[in-house]
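Below you'll find the structure, written out as structure tokens, and then a few comments.
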Amino acid sequence: MVTLPPGQHVVNGFPRFGTHLQEPAPPVPDEPAIEICGAVSEPFSLPLDALAVLPRRELTADFHCVAGWSTTGLRWEGVAFATFYRDVIEPAIRPGATVTHLVFRGLDGYRSLASIEDALAYDVLIAEHLGGLPLDGDHGAPVRLVAPGHYGFVSCKHLCRIELHTAEPSGVYTTPAPRFLLRPHMRARVWKEERHREVPAWALRLPYRLLIPPIAFLSRRGSRSR
Ligand SMILES: Nc1nc2c(c(=O)[nH]1)N[C@H]1C(S)=C(S)[C@@H](COP(=O)(O)O)O[C@H]1N2
Ligand SMILES: [Mo]
């Protein structure tokens, strides 16, 4: 028996989901890399090959979308984000700068936001594998962020850039949906049901749930494995 966070229900399988809707997954570049910019002395780009020298991390976790669906027991493998931060990012931070927030960007232009403390939680990963296989286009190839304690919108797929900020940036989430419906909560912790910035979670459970079928349908149309 799995205990789910408030307002969530289990779905079969792990759907492709997101604001990309029917867009196909962005092509993986010939030499994929993660660009580090913002509060650094000099922006730089880390080829994904370089992840191979960092300690591997496996994680089995549930995944919760803010719209209300959850998938249980996903087995991820990659590098702990905290390790990546300490080994790769921290040495490059501009002297005197205090990083408070990170903005993650995907190859499809998607952006997500996390406070530094949330990003450094023990279960946040840069994942390369799901269920023992390299990530496919549906779930974020070549690598994605996985932050299981937060709603799925934080877990940026197709991760290609990390921006370091010294204050909370505004306007990170841009979506095709009406802005009012999607003003995601800054921390988005699933166990605290932090779905939205202003609107209480109980008022959103039903409207968000109604969005699942059309979004799942459109996302499937953009999927290669449909
Ligand atoms: N690059 C990118 N990352 C994204 C999204 C997206 O549209 N593009 N959607 C987010 C949302 S709302 C959810 S619920 C999860 C869905 O992940 P999945 O498609 O692997 O199920 O990805 C998140 N990360
Ligand atoms: Mo989501």
Side-chain angles (χ1 to χ4, degrees), residues 1-21 59-74 76 81 100-106 108-125 127 130 138-140 144-157 159 163 165 167-220:
M1 222 358 234
V2 183
T3 311
L4 290 180
Q8 295 299 116
H9 67 279
V10 173
V11 291
N12 278 330
F14 186 32
R16 176 181 195 248
F17 208 84
T19 59
H20 45 46
L21 300 177
L59 177 80
T60 300
D62 301 342
F63 190 95
H64 311 289
C65 170
V66 73
W69 61 266
S70 297
T71 296
T72 58
L74 295 175
W76 303 100
F81 186 76
T100 58
H101 294 79
L102 304 175
V103 173
F104 301 92
R105 188 193 167 90
D108 57 353
Y110 182 89
R111 285 161 24 112
S112 74
L113 170 68
S115 70
I116 188 71
E117 58 181 310
D118 287 348
L120 295 180
Y122 78 99
D123 58 354
V124 177
L125 229 65
L130 170 62
D138 287 356
H139 296 298
R144 80 179 296 170
L145 193 75
V146 176
H150 303 264
Y151 287 116
F153 62 74
V154 176
S155 293
C156 181
K157 302 196 279 190
L159 180 64
E163 293 168 25
H165 290 262
E168 187 189 330
S170 62
V172 170
Y173 292 103
T174 51
T175 82
R179 287 198 78 68
F180 161 78
L181 259 187
L182 273 164
R183 297 238 315 134
H185 195 281
M186 160 59 219
R187 298 199 67 185
R189 289 169 293 184
V190 295
W191 291 99
K192 294 189 181 280
E193 208 178 353
E194 294 170 333
R195 293 185 200 268
H196 193 280
R197 291 219 171 202
E198 296 99 7
V199 182
W202 60 264
L204 283 172
R205 283 187 188 177
L206 182 61
Y208 274 10
R209 199 162 168 159
L210 294 173
L211 291 174
I212 296 175
I215 294 176
F217 172 77
L218 289 171
S219 297
R220 211 160 42 236

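Just so it is clear, the model here is predicted, and its values are computed rather than measured.
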Identify, with sequence neighbours excluded, every residue that meets side-chain hydrogen bond (donor to acceptor under 3.5 Å, both in side chains) alongside [X].
X      : value
Arg197 : Glu168
Thr71  : none
His101 : none

Supply the atom-to-atom distance [X] [atom1] to [Y] [atom2], rounded to the nearest 0.5 angstrom.
X      : Y      : atom1 : atom2 : answer
His64  : His9   : NE2   : NE2   : 12.5 Å
Ser155 : His139 : OG    : NE2   : 12.5 Å
Leu210 : Ile215 : CG    : CD1   : 11.0 Å

[X] and [Y]: which non-hydrogen atoms are nearest, and at how many Å?
X      : Y      : value
Glu198 : His196 : N-ND1, 3.0 Å
Ala167 : Thr100 : N-OG1, 3.1 Å
Arg144 : Phe14  : NH1-CZ, 4.1 Å
Leu125 : Trp76  : CD2-CB, 3.6 Å
Leu59  : Asp123 : CD2-O, 3.4 Å
Tyr110 : Cys156 : CD2-SG, 4.0 Å

Quiz item: Does the side chain to side chain contact (heavy atoms under 4.5 Å, CB included) test come out yes or no for Thr72 and Leu4, once each step is laid out?
Solution: CA-CA 9 Å; Thr72 58; Leu4 290 180; 4.2 Å; yes

Quiz prompt | From Tyr173, Phe153, Phe81, residue fulfilling ring pair (Phe, Tyr, Trp, His ring centres under 6.0 Å) relative to Phe104 | solution =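 The single option meeting the ring pair (Phe, Tyr, Trp, His ring centres under 6.0 Å) with Phe104 is Phe81.
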
Exercise. Using distance alone, with no hydrogens and no angle criterion, decide if Lys192 and His185 have a side-chain donor and acceptor under 3.5 Å apart.
Key: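 No, His185 and Lys192 have no side-chain donor paired with an acceptor closer than 3.5 Å.
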
Exercise. Starting from the C-alpha separation in whole Å, work towards a yes-or-no answer on side chain to side chain contact (heavy atoms under 4.5 Å, CB included) for Val190 and Gln8.
Key: CA-CA 9 Å; Val190 295; Gln8 295 299 116; 6.0 Å; no

Quiz prompt | Salt-bridge criterion met for Glu163 and Arg105 (N-O under 4.0 Å) | solution =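 Salt bridge absent between Glu163 and Arg105.
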
Practice problem: Tell me, yes or no, whether the heavy-atom count around Trp202 atom CH2, taken from other residues, nucleotides or ligands under 6.0 Å, exceeds 12. | Solution: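 No, because the 6.0 Å sphere around CH2 of Trp202 holds 12 heavy atoms or fewer from other groups.
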
